[in-house]
Amino acid sequence: MFQNLPFWPESASSAAGNVDALYIFLVVLSAFMSIAIFITIIVFAIHFRRYKHPEAEPVEGSTILEITWSVIPLGIFLFIFAWGAMIYFQERTPPRGAAEVYVVAKQWMWKLQHPEGPREINELHVPMGRDVKLIMTSQDAIHSFYVPAFRIKQDVLPGRYTTIWFRATKPGTYHLFCAEYCGTSHSGMIGDIVVMEPAQYQAWVQSGGAFLSLAANGQAIFQQLGCPACHKAETQGRGPTLIGVYNRPVQLEDGRIVTADENYIRESILAPNAKIVSGFKPIMPVFQGLVNEEELNALVAYVKSLNQPSPGAAALPTLAPPGTEVPGSKD
Ligand code: CUA
């Protein structure tokens, strides 16, 4: 709606309209207040200079006036807060069934991996109209994934996952920037988001040839590292079974109950002793330094893929049986 204004960034995502509306509201409100204050100052300056200043009159407090000028701004600020919070939660809560793209940032490039297998550098192809969830981490410094046309920006941190999602609404090529100063070539850490018609996108995926999916890749690494020796699928091994663990509550040895989200799985691989599952011993070796970020992403994708119910799979006593809904689970 504001596309014709100069300097207005293109809007190409489902979130863009909401962000723009709030932004316009803030600008109009600020402009209105600034103009009102300036006019008042000028009018008073002229008035009291021209008509001499009257004898100074002591001004007594006015409760009604004070309440008015406190309550009205408070109401406006709370309104802005509620509006902003709504948009924030929309942008932070990926819809169910969103396609998951893993992002690894490093000095100074973006590495992106599709669930179907294709990898890209500084370029991300996505179909129009599909929800895309980005699961992001950094190999070194703090970076920030910023796509102005989608109105999304999210810091990318080393040592943990952060997520953001978008739904592209218009085919085209849009700028991807790094929005956090990350060293000498920060300004060169840019890329393109290419939004394609769904059919075109399918053709693009197939043109890349046959890929091992990210989860299948993760399964191969899982075998190589000897994980199945303890994490057995059908029976309870020395480690907990991983079937159906993703996004479910896990009872820990110290009594806490945590949700097995991406960050939990990640931590359980790199630093297994940080959270010991109830009933198990801290015997798992530490994999920090033995797997790189991309291998880690593949392992996480593999563990997540084990959520499909498989017949005869044993579940941890504290876990809901595979396939059941857990209240509050995000995915
Ligand atoms: Cu990466 Cu700035």
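First listed ligand is number 1; within each ligand, the first listed atom is number 1.
Using cut-offs of 30° and 60° for the angle between ring planes, the Phe25 and Phe79 rings count as perpendicular. By the 30° and 60° cut-offs, the orientation of the rings of His186 relative to Tyr181 is perpendicular.
Here Met109 is tied into one hydrophobic group with Ile121, each link being a pair of ILVMFWY side chains closer than 4.5 Å. Within the hydrophobic cluster formed by Ile, Leu, Val, Met, Phe, Trp and Tyr side chains joined at under 4.5 Å, directly or through other members, Ile190 is accompanied by Tyr146, Phe177.
In terms of the ring pair (Phe, Tyr, Trp, His ring centres under 6.0 Å) criterion, Tyr264 has no residue partners (sequence neighbours excluded).
Remark: of the listed residues Glu293, Gln107, Lys111, Lys111 is the sole one forming a side chain to side chain donor-acceptor pair (under 3.5 Å) with Gln139.
Within the protein, the N, O or S atoms lying under 2.8 Å from atom 1 (Cu) of ligand 1 are His143 ND1, Cys178 SG, Cys182 SG, Met189 SD.
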